[in-house]
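Notes to accompany the following structure.
Each chain gets a letter, A, B and so on, in the order its sequence line appears, and its residues count up from 1. Values below: every heavy atom of this structure, side chains too, minus hydrogens, waters and symmetry copies.
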Amino acid sequence: MNYDRIKEKLEILADAAKYDVSCSSSGGTRKNTNKGLGNSHASGICHTFTEDGRCVSLLKILLTNYCIYDCAYCVSRKSNDIQRAAFTVEEVVDLTINFYRRNYIEGLFLSSGIFKTPDFTMERLVRIAKKLRLEHNFNGYIHLKTIPGASDELMQEAGLYADRLSVNLEIPTQSGLKLLAPEKDHKQMIKPMGFVKDALVQYKEERQKFKSTPKFAPAGQSTQMIIGATQETDLQIIKVADHFYNNFNLKRVYYSGYVPVLSDTRLPALGTEVPMVRENRLYQADWLMRFYGFKADEIVDRQNPFLDLEVDPKISWALRNIDQFPINIQQAPLEMIFRIPGVGVKSAYKIVHARRFQSLSLEHLKKMGVATNRAKYFIDFKIQNNHLKHLSTIHLKQIILDESKTKYQKTFSNQLSLLNEHSFLR
Amino acid sequence: MNILSYDNTLEGFFTAVFEVYEYKYLNPKIVRQSLAQNALFSEVTPIITQQDKADRVTQRLEKQIGKEGLREILFGFLSENENFEDIVFEIIKYGIEHPNQNILKNYAHPAVLQLSKWVKSVGREAHRMEAFVRFELLQDGIYFAQIKPDFNVLPLTISYFKERYQDQKWLVYDTKRNFGIYYDLKTVEWIQLDLEIKNITQKHDQTERKYQHLWAEYFDHTNIKERKNTKLHIQHVPKRYWKYLTEKRTF
């Protein structure tokens, strides 16, 4: 192994892969039954966290950053003057195995620039996964990017060796994509997602008939959208996410705040702050849809096409739907407990368990982990709750804001002005 | 007050609980042996661990709080918290008063809530050990890691390492409690090392340093500096764990 050469490649190809924010290693159920190496944990494990606080679960690299496309938002675009490199199949396998044996990672996340043709690229990605599985008895997690335009045969094979497959939509709107990546269109990206969805359904049906049917991408598929590179609204983003969750059985949609690394008149200027608050609010909205029983159009609508950056989307919903409150902690059904600002999924379950034993007070909720500084304005107890007097005032949002110091205070004023400049807020 | 001491095992604790009811001790206080020498305690009755008594307590508890509840008590025990005996004994008394309820679901009860907090802390650290252990390959082909967890979580991590790393020899050693788990390609065994641990790590396999460097390089390059967020980073990877982490070491 040529250590210096590998080190150089690793630097280039890790740098090029890092803007793909997906890190999850969950949902896999691969067991180590062949006395081989590794298994995948259903809940996934973050083995470390980057200095920007993101989970590092997988060795996330590109096979190569050579690319025939010239997408404006992508650091590996053809016209960008950067160092290029390409791993060999053996090098990726060796790094994966040796990192895995040392408990650094849960597995491999392999993506690639497109060199020569989609099939040529996809074939190599598949070859790596196949080699890991068949020659090294590797049962760790493998996430492969599917290359739009690759043949059905290769897609099929990819699903047999990988735990998860994904295609990134990148730009949420068709018009935005046309502007930034004229060579691509959504149809081309959606096609492989449709293929994977159909294959997931088909393999599942066959497995019910024949136990010996192999699993196809057992951890499902995911996608990513870049936020703030074009002028899309949160309504558009959430609608797209909702559509893909419902129609393509997606496990996850990732939102990636655009990091301005390229100078291009079509994009936000270099030095523009990464829209991290907006990204965070979108994830909160996503969680509301997936775990809290909210519908997309309850979170944003035509009148409110942007998420409120100052408060979380659950508070926003509560403030728009004051007539639903106060919610009685002792009697309300679980679905409504979920909707109380400051109450998480775990606390909600604790509440419905504990209330069978006794009447709960605000103090009890606080000890269970509820963010009572928010929740107290929206709930009713057996005894009188004095905080409820604010419920019908128009200042409630301000009262909540005054009491909870947002962790974004510093970046906040900054970012708001930037957003205004770019007329994101209309 | 009647002070009963037990041999620092969970079975010993359950035996003591059994005897409290068997001999109807008034104002009982159960303490572990290692803390019983404390000068505050004038007279201490040592309890001899008896499996059948421990089993009867376990069975009685399982009926009421289930396997999940017993697991919570085990986690509490592994927290090594000095209040473990008082809190769990209080829960047991509370359970006897309400025999038909799964009392561990009453998170409004102070002792139940305290136990659930230990369960959370211990579970979290066990998970962190699974995440943050870094094996180093030694010349004799053993993948070695040392840990120093706040709680006694090594026993909880055995199945993780055992299921995952079946085709390599490995050893995880708790230097704070001076015991480890060793897998020899067939079974996992408890071991105690006499050797100075420091000497072991000097006998690295020749490729070891290279992979450590590559990993540290990777960690560096997967970071997006425009998004730097040190507070969040430290929240996820508390500084006390940095000593295990190859990528946080300066080479």
Side-chain angles (χ1 to χ4, degrees), chain A residues 1 3 6-7 10-15 17-19 31-32 34-39 41 45-56 59-61 95 98-99 101-105 137 139-140 257 259-261 273-274 276 350-351 353-361 364 367-368 407, chain B residues 98 101-110 112-113 116-117 120 127 130-137 143 145 160-161 163-168 170 185 207-208 210-215 217-237 245-248:
Chain A
M1 182 179 85
Y3 168 74
I6 301 228
K7 179 166 161 274
L10 185 60
E11 288 168 4
I12 295 169
L13 295 168
D15 257 326
K18 69 187 172 190
Y19 300 101
K31 289 207 172 69
N32 190 353
N34 48 2
K35 265 233 161 213
L37 173 62
N39 56 0
H41 230 245
I45 295 177
C46 298
H47 281 276
T48 189
F49 293 82
T50 56
E51 281 171 13
D52 55 55
R54 285 173 309 131
C55 162
V56 180
L59 170 63
K60 192 194 300 177
I61 47 175
L95 278 176
N98 277 290
F99 281 5
R101 286 197 185 284
R102 286 167 176 77
N103 205 42
Y104 298 164
I105 53 171
N137 285 333
N139 307 303
V259 182
V261 284
E273 201 136 342
V274 182
M276 283 175 28
K350 281 188 179 164
I351 289 169
H353 279 303
R355 70 184 182 186
R356 290 195 208 125
F357 293 86
Q358 63 189 87
S359 300
L360 302 177
S361 68
H364 286 137
K367 286 192 175 144
M368 287 178 203
K407 58 191 168 189
Chain B
H98 301 84
Q101 293 176 313
N102 186 354
I103 40 116
L104 285 188
K105 296 284 180 206
N106 185 6
Y107 298 99
H109 188 284
V112 171
L113 189 70
S116 81
K117 287 196 169 145
K120 193 174 167 192
H127 183 74
E130 293 166 1
F132 295 157
V133 153
R134 297 286 179 265
F135 283 123
E136 305 188 345
L137 180 58
Y143 285 82
Y160 166 82
F161 291 114
E163 280 159 27
R164 177 161 295 204
Y165 300 108
Q166 294 187 18
D167 70 342
Q168 68 191 53
W170 50 259
L185 297 179
T207 60
E208 178 54 32
K210 289 186 176 169
Y211 285 110
Q212 287 185 15
H213 277 105
L214 286 172
W215 172 243
E217 253 352 293
Y218 171 72
F219 178 71
D220 234 30
H221 283 270
T222 199
N223 182 40
I224 300 176
K225 59 180 188 303
E226 290 87 344
R227 300 180 58 116
K228 192 175 167 82
N229 187 343
T230 309
K231 198 180 145 207
L232 186 61
H233 174 63
I234 291 173
Q235 188 185 321
H236 285 311
V237 195
L245 300 175
T246 314
E247 64 274 17
K248 298 300 288 183

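For Ala354(A) against Ala108(B), the heavy-atom pair with the smallest separation is CB-N, 4.2 Å. Residues Leu95(A) and Leu10(A) share a closest heavy-atom pair of CD1-CD1, 4.0 Å. The nearest pair of heavy atoms linking Tyr3(A) to Lys210(B) is CE1-O, 3.6 Å. Shown here for Gly38(A) and Asn139(A), the closest heavy-atom pair between the two residues is O-CB, 2.9 Å. The two residues Phe132(B) and His47(A) have their closest heavy-atom pair at CD2-O, 3.3 Å.
For a residue to count as touching a neighbouring chain, one of its non-hydrogen atoms must lie under 4.5 Å from one of that chain's; by this rule Leu185(B) touches chain A with the backbone only. Looking at Ile351(A), there are no atoms closer than 4.5 Å to chain B (heavy atoms on both sides), in backbone or side chain. In this structure, the portion of Gln358(A) lying under 4.5 Å from any heavy atom of chain B is its side chain and not its backbone. Both the backbone and the side chain of His353(A) come within contact range of chain B, with heavy atoms under 4.5 Å apart. Contacts between Tyr104(A) and chain B at a heavy-atom distance below 4.5 Å involve backbone atoms as well as side-chain atoms. Neither the backbone nor the side chain of Ile12(A) comes within less than 4.5 Å of any heavy atom in chain B. With a 4.5 Å cut-off on non-hydrogen atoms, Arg54(A) touches chain B through its side chain but not through its backbone. Leu113(B) touches chain A through its side chain: at least one heavy atom from C-beta onward sits under 4.5 Å away, while N, CA, C and O do not. Residue contact with chain A, scored on non-hydrogen atoms closer than 4.5 Å, involves the side chain of His127(B) exclusively. Heavy atoms of Leu37(A) lying under 4.5 Å from chain B belong to its backbone as well as its side chain. Residue contact with chain A, scored on non-hydrogen atoms closer than 4.5 Å, involves the backbone and the side chain of Glu226(B) alike. Interface remark: Asp220(B) contributes no atoms to any contact with chain A (heavy atom separation under 4.5 Å). Contact of Tyr218(B) with chain A is made through backbone and side chain together, with heavy-atom distances under 4.5 Å. Residue Gln235(B) does not touch chain A at all, counting heavy-atom pairs closer than 4.5 Å.
The candidate with the highest count of non-hydrogen atom pairs below 4.5 Å against chain B, out of Arg356(A), Lys60(A), Lys31(A), is Lys60(A). Interface summary for chain A: among Ile224(B), Ile234(B), Leu232(B), the most heavy-atom pairs under 4.5 angstrom belong to Ile224(B). Annotation: maximal heavy-atom pairing with chain B below 4.5 Å, among Ile61(A), Val56(A), Val261(A), Leu59(A), occurs at Leu59(A). Note: Tyr211(B) leads Tyr211(B), Tyr160(B), Phe135(B) in heavy-atom pairs under 4.5 Å with chain A. Note: His221(B) leads Gln166(B), His221(B), His233(B) in heavy-atom pairs under 4.5 Å with chain A.
In this model, no donor atom of one side chain and acceptor atom of the other lie less than 3.5 Å apart for Asp167(B) and Asn137(A).
Tyr165(B) pairs in a side chain to side chain donor-acceptor pair (under 3.5 Å) with only one of the listed residues (Asn32(A), Asn39(A), Asn103(A)), which is Asn103(A).
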Exercise. Dump the intermediate steps for side-chain contact (heavy atoms from CB on, under 4.5 Å) on Leu137(B) and Arg102(A), then the final yes or no.
Key: CA-CA 8 Å; Leu137(B) 180 58; Arg102(A) 286 167 176 77; 3.8 Å; yes
Practice problem: Show the numbers, then the answer: is there a side-chain contact (heavy atoms from CB on, under 4.5 Å) between Phe219(B) and Phe49(A)? | Solution: CA-CA 9 Å; Phe219(B) 178 71; Phe49(A) 293 82; over 6 Å; no
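Atom CE of Met368(A) sits about 5.0 Å away from atom CG of Leu360(A), to the nearest 0.5 Å. Put simply, OG on Ser116(B) and NZ on Lys105(B) are 10.5 Å apart, with the number rounded to the nearest 0.5 Å.
Between Thr48(A) and Arg134(B), the closest side-chain pair of non-hydrogen atoms falls below 4.5 Å.
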